[in-house]
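Proteins come first, then strands; the chains are lettered A, B, ... in the order of their sequence lines, and each starts at number 1.
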2 protein chains.
Amino acid sequence: MLNYAAALAGSRPSFRTGAQPGRDVPGGDIHEAGERMIVASGEELFSEGDTAEVFYKVISGTVRTSKLLSDARRQIDSFHYAGDFFGFEGADEHSFSAEAVEETTVIAFRRSSFRSLVRDYPEFADQLMSAMVSSLQRARDHMLLLGRKTPQEKIAKFLLDTAARLRKDDRIELPMRRADIADYLGLTKETVSRTLTQMSRDGLIRLEAIGRTVLLNDRTSLQQMNA
Amino acid sequence: MLNYAAALAGSRPSFRTGAQPGRDVPGGDIHEAGERMIVASGEELFSEGDTAEVFYKVISGTVRTSKLLSDARRQIDSFHYAGDFFGFEGADEHSFSAEAVEETTVIAFRRSSFRSLVRDYPEFADQLMSAMVSSLQRARDHMLLLGRKTPQEKIAKFLLDTAARLRKDDRIELPMRRADIADYLGLTKETVSRTLTQMSRDGLIRLEAIGRTVLLNDRTSLQQMNA
DNA sequence: CGGGAGGTTGACGTATTTCAACGACCGTGG
DNA sequence: CCACGGTCGTTGAAATACGTCAACCTCCCG
């Protein structure tokens, strides 16, 4: 009756897997209905224009989804962490790309098996629906950030959001490079770097290691840079 | 079984209506399952923080949905035209606002009646799902625009998109003010104005009336400013 | 030890914002 | 019918925040 299969889709499974059986195991774990894959850092899961046969759920690691302009300008629309779904499409082709930011494990669900998934795992449809609704909400938040926030505000929100997503308190281990942060926030990597060091000088944060580890010293001040 | 009701929602119906009966009319027009309302130009349909009881479909006119920062900076995430659904929420409260850009007619659907809607009008769920998927795709496109495009590219895309949405060929009647365009594209109204007059000087477009009517003289050049 | 990737820092230029004034249009009311 | 006020749009001048270009440094791995 309901043709959700026509509205949802995903991507083709990547090569180099770490496969697992699990298909048609009604009543069991949803994860058993898809194929587990391990993707190396930097590897592509799918790319703009690829046929969209599969969608994914992140088990561990980080995935970035992005769009490119012809001259290589890039906009990352989202980072996906453990538990997130990504790769739905309305058409047969992907309208964006996905790459692993670090070594990442995902489950790939075939778009064509969507109906049986919903039948065998009733909670699956709900999970997907709320994934889409929250993707939309996140997207609206991010448009506000991209269109109207200053670099300082962008970075502050990015740090707080990332800390929340990674369930870390004060010390966060950023999985992505400065260039990724820049393409996510609509800045250049230089501006990202400068803003971080300035925040460090101001005592808001503390940068460790190669700059991948950030300590949030003054959450209150960071939060005031929002709203 | 499927709890879509929990994942979808909308806004409270606005006052000043132009009501119509139509409820529980299985097999009939979906529109009969909601309440028709006429909203005056500039009027608010719902606002950030309102309880989300209703979602909408535009029948005629234009609606803008937006988010505000505390200092009144605004980001319009979308303009909604005839046929578009808007106002879904994952939570009980609206996370964005909606106002009529011009006199607009909408149908309001109660979030609580979602299940019966799906039962009585099977195609309804599909319509909603594809509305959400295409909202997401639009959002990703718009993030690319906001984060990475120049004012010229932004305006060019805006004009072409709007022409496509309004099903006009060369002459489009913009329903919104310059400030709305600016808040949609992440620019100032001055930059919007300057860019339009420059395009006019370059022969790409022609501005008529109070600047609300735009003639697309050179679609090819405008399209080249994208990709 | 060498090379490359990623990150930081500096100097500089400029595109866009900001601030401000002006003008066109519209509706209202005297 | 015209004057008035308000909204919206345009244009100008000036300031500056961010991007660009470039050098340098650290870390890491072969």
Side-chain angles (χ1 to χ4, degrees), chain A residues 40-43 64 69 71-75 99 101-102 145-156 158-159 173-202 205-214 225, chain B residues 40-43 64 69 71-76 99 101-103 145-156 158-159 173-202 205-214 225:
Chain A
S41 176
E43 283 297 318
R64 63 171 179 253
L69 253 21
D71 60 353
R73 278 176 288 172
R74 181 179 65 151
Q75 180 63 42
E99 297 111 29
V101 167
E102 57 184 329
L145 177 147
L146 289 171
R148 290 302 181 210
K149 292 195 177 178
T150 64
Q152 293 80 356
E153 294 167 331
K154 288 177 175 183
I155 299 278
F158 170 73
L159 292 175
E173 191 71 40
L174 297 175
M176 71 291 284
R177 320 175 296 186
R178 294 292 187 263
D180 286 335
I181 302 177
D183 286 347
Y184 179 57
L185 300 178
L187 301 170
T188 60
K189 60 182 156 47
E190 291 93 335
T191 299
V192 171
S193 181
R194 275 188 253 269
T195 306
L196 284 170
T197 57
Q198 188 55 47
M199 283 179 168
S200 175
R201 287 202 192 94
D202 297 345
I205 61 174
R206 202 167 175 303
L207 297 170
E208 286 180 7
I210 334 148
R212 290 291 181 101
T213 304
V214 183
M225 304 187 79
Chain B
S41 176
E43 283 297 318
R64 63 171 179 252
L69 253 22
D71 60 353
R73 277 176 289 173
R74 181 179 64 152
Q75 179 64 41
I76 294 176
E99 297 111 28
V101 167
E102 58 185 328
E103 175 151 315
L145 176 147
L146 289 170
R148 290 303 181 210
K149 292 194 176 177
T150 65
Q152 293 78 356
E153 293 167 332
K154 289 178 176 183
I155 299 278
F158 171 73
L159 292 175
E173 192 71 40
L174 297 175
M176 72 291 283
R177 320 175 296 185
R178 294 291 187 264
D180 287 334
I181 301 176
D183 286 347
Y184 179 58
L185 300 178
L187 301 171
T188 60
K189 60 180 157 45
E190 291 92 336
T191 300
V192 171
S193 182
R194 276 187 253 268
T195 305
L196 283 171
T197 57
Q198 188 55 46
M199 283 179 168
S200 175
R201 287 201 192 93
D202 297 345
I205 62 173
R206 203 168 175 302
L207 297 170
E208 286 180 7
I210 334 147
R212 292 290 181 101
T213 304
V214 183
M225 305 186 78

task = Just jot down the salt bridge (Lys or Arg N to Asp or Glu O under 4.0 Å) partners of B/Arg64, sequence neighbours excluded, or say none.
result =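 B/Arg64: salt bridge (Lys or Arg N to Asp or Glu O under 4.0 Å) contacts with B/Glu99, B/Asp180.
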For [X] and [Y], indicate whether the former's side chain and the latter's backbone hold a donor-acceptor pair under 3.5 Å.
X	Y	answer
B/Ser41	B/Val101	yes
A/Thr197	A/Ser193	yes
B/Gln75	B/Asp183	yes

Enumerate all atom pairs, one protein N or O and one N or O from nucleotides 4-6 of chain D, separated by less than 3.5 Å.
none

Starting at atom [atom1] of [X], determine the distance to atom [atom2] of [N], rounded to an integer number of angstrom.
X	N	atom1	atom2	answer
A/Leu207	C/dT9	CG	C1'	14 Å
A/Gln198	C/dG10	CD	C1'	14 Å
A/Leu196	C/dG7	CG	P	10 Å

Kindly give the atom pairs (protein nitrogen or oxygen, nucleotide nitrogen or oxygen) under 3.5 Å for nucleotides 17-24 of chain C.
residue: C/dT17; atom: OP2; partner: B/Thr188; partner atom: OG1; Å: 3.4
residue: C/dT17; atom: OP2; partner: B/Thr191; partner atom: OG1; Å: 2.4
residue: C/dT18; atom: O4; partner: B/Arg194; partner atom: NH2; Å: 2.8
residue: C/dC19; atom: N4; partner: B/Glu190; partner atom: OE2; Å: 3.2

query = Given C/dT8, is OP1 or OP2 found less than 4.0 Å from the side-chain N or O atoms of A/Arg178?
reply =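 Checking A/Arg178 against C/dT8: at least one side-chain N or O falls below 4.0 Å of OP1 or OP2.
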Dump every N/O contact between nucleotides 25-30 of chain D and the protein below 3.5 Å, one line per pair.
none

task = Using side chain to side chain contact (heavy atoms under 4.5 Å, CB included) as the criterion, list what pairs up with B/Pro151, not counting sequence neighbours.
result =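 B/Leu187, B/Thr191, B/Thr195.
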query = By side chain to side chain contact (heavy atoms under 4.5 Å, CB included), which residues pair with A/Leu69, not counting sequence neighbours?
reply =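 Expected list: A/Asp71, A/Arg73, B/Leu144, B/Arg148, B/Lys149.
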query = Of the non-hydrogen atoms in A/Leu185 and A/Lys154, which two are nearest, and what is the gap between them?
reply =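 What the structure gives for the nearest pair is O-NZ, 2.9 Å.
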task = Return the 5'-most residue of the pair B/Val192, A/Gln152 with respect to DNA chain D, ranking by each residue's nearest nucleotide.
result =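 This one resolves to B/Val192.
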key: Side chain proximity check, A/Arg178 to A/Glu190, heavy atoms < 4.5 angstrom   =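 Counting from C-beta outward, A/Arg178 and A/Glu190 never come under 4.5 Å.
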